[in-house]
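As C-alpha cells, the structure follows; a few thoughts come after it.
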Amino acid sequence: QVQLVESGGGLVQAGASLRLSCAASGRTFGSYAMGWFRQAPGKEREFVATINRSGASTYYADFVKGRFSISRDSENTVYLQMNSLKPEDTAIYYCAASASTLLIRDSRPTYWGQGTQVTVSS
C-alpha cells in the first residue's frame, strides 16, 4: 500500500512558476514509477508526466513539453516543476504511482493522491 500526499498548489499569474511535490509513504518508493495527472473543471482527468523508478526516464504530454519537468529524489518525493504557466493549466493536479510508466501513460496507475489545486489567472 502506498499513500500519496500532494502539496505546492496555489494561485499564480500567467507566466509564473510553481513546483508541486508528492510525498509517498512506505519503504518501497523506489519500486514505483510515478506520475502526474490533472483534471480541469468540466473535463476528464488527463496524463501530464511520468518518471520511471530510477528517475532516468521521463515522458510528457505534448501540451507540457518544454514547460513542465518531473523529477524524483531518492527518498520518497516526486516533483513537478511548472514554468510559463497558462490559464489553461488551471486544474487539480494528482500524483500517481504504479509498477510501470506504461501503466501511468495509459492512465491506469495503481495509487492516487488526493490532488492539489493550481489556478492560473490571466
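Nothing here was measured: the structure is a model prediction, and the numbers come from that model.
- The disulfide bond (SG atoms under 2.5 Å apart) pairs that include a residue from residues 64-94 number zero, where partners must be two or more places apart or lie in different chains.
- Around CD of Glu46, the count of heavy atoms belonging to other residues, nucleotides or ligands within 6.0 Å exceeds 12.
- Within the structure, disulfide bond (SG atoms under 2.5 Å apart) contacts touching residues 36-70 (residues at least two apart or in different chains) do not occur.
- Hydrophobic clustering (side-chain heavy atoms under 4.5 Å, transitive across Ile, Leu, Val, Met, Phe, Trp, Tyr) keeps Ile104 apart from Val64.
- For residues 28-94, the set of pairs meeting the disulfide bond (SG atoms under 2.5 Å apart) definition, not counting sequence neighbours, is empty.
- No donor-acceptor distance shorter than 3.5 angstrom exists from the side chain of Ser122 to the backbone of Pro87, with no hydrogens or angles considered.
- Among residue pairs with one or both ends in residues 73-83, none qualify as salt bridge (charged side-chain N to carboxylate O under 4.0 Å, His left out); sequence neighbours excluded.
- The ring pair (Phe, Tyr, Trp, His ring centres under 6.0 Å) analysis of residues 70-115, with sequence neighbours excluded, yields the pairs Tyr32-Tyr111, Phe37-Trp112.
- Distance alone, capped at 3.5 Å, places no donor-acceptor pair between the Ser98 side chain and the Pro109 backbone.
- Between Leu4 and Met34 there is a side-chain heavy-atom pair separated by less than 4.5 Å.
- Transitive grouping of hydrophobic side chains (ILVMFWY, heavy atoms separated by less than 4.5 Å) brings Leu80 and Val118 into a common cluster.
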Under the criterion side-chain contact (heavy atoms from CB on, under 4.5 Å), I'd like the reasoning laid out for Val78 against Cys95: C-alpha separation, chi angles, the key distance, then a yes or no.
CA-CA 8 Å; Val78 62; Cys95 180; 3.8 Å; yes
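- In terms of heavy-atom proximity, Arg53 sits nearest to Gly30 at CB-O, 3.4 Å.
- Remark: Asp106 engages Arg108 in a salt bridge (Lys or Arg N to Asp or Glu O under 4.0 Å) (not counting sequence neighbours).
- Using a 4.5 Å heavy-atom threshold, the side chains of Ile70 and Gln81 count as separate.
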Could you go step by step and tell me if Leu20 and Met82 meet the side-chain contact (heavy atoms from CB on, under 4.5 Å) rule?
CA-CA 8 Å; Leu20 305 182; Met82 305 186 296; 3.7 Å; yes
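- Every residue two or more places apart in sequence or in another chain was checked for a side chain to side chain donor-acceptor pair (under 3.5 Å) with Thr110, and none qualifies.
- Without hydrogens or angle criteria, Ser84 side chain to Gly15 main chain gives no donor-acceptor distance under 3.5 Å.
- Residue pairs satisfying the salt bridge (charged side-chain N to carboxylate O under 4.0 Å, His left out) criterion with at least one member in residues 109-122, sequence neighbours excluded, are absent.
- Scanning both residues, Ser21 and Trp36, for their nearest heavy atoms gives O-CH2, 3.7 Å.
- Figure legend: cation-pi geometry between Arg67 and Tyr60 absent, as NZ or CZ is not positioned both under 6.0 Å from the six-membered ring centre and within 45° of its axis.
- Residue Val5 belongs to no hydrophobic cluster, having no ILVMFWY side-chain heavy atom closer than 4.5 Å to its own.
- Here the straight-line distance linking atom CD of Gln1 with atom OG1 of Thr28 works out to 10.0 Å at 0.5 Å rounding.
- Residue Gly9 comes nearest to Thr116 through the heavy atom pair N-OG1, 3.2 Å, listed as atom of the first residue, atom of the second, then distance.
- Although no hydrogens or angles enter the test, the distance criterion places a donor-acceptor pair under 3.5 Å between the side chain of Ser25 and the main chain of Gln3.
- Following chains of ILVMFWY side-chain contacts shorter than 4.5 Å, one cannot reach Leu103 starting from Tyr59, and the two form parts of different hydrophobic clusters.
- Within a 6.0 Å radius of CD in Gln114, no more than 12 heavy atoms belonging to other residues, nucleotides or ligands are found.
- Under a 4.5 Å side-chain heavy-atom criterion applied to ILVMFWY residues, the cluster that includes Leu102 comprises that residue alone.
- Thr101 and Asn52 share no donor-acceptor pair across their side chains, judged by distance under 3.5 Å alone.
- With Arg72 contributing its side chain and Phe29 its backbone, the two residues share a donor-acceptor pair below 3.5 Å.
- Taking CZ of Arg38 as the reference point, atom CD of Glu44 lies at 14.0 Å (rounded to 0.5 Å).
- For Glu6 (side chain) and Gly115 (main-chain N/O), a donor-acceptor pair under 3.5 Å exists by modelled atom type.
- Here Arg45 pairs with nothing under the salt bridge (Lys or Arg N to Asp or Glu O under 4.0 Å) rule; sequence neighbours left out.
- Salt-bridge check for Asp89 with Lys86: failed, with every basic side-chain N at 4.0 Å or more from each acidic carboxylate O.
- Sorted by first then second residue, the disulfide bond (SG atoms under 2.5 Å apart) pairs that include residues 45-83, not counting sequence neighbours, number zero.
- Annotation: the span from Ser121 atom OG to Leu11 atom CG amounts to 5.5 Å, rounded to 0.5 Å.
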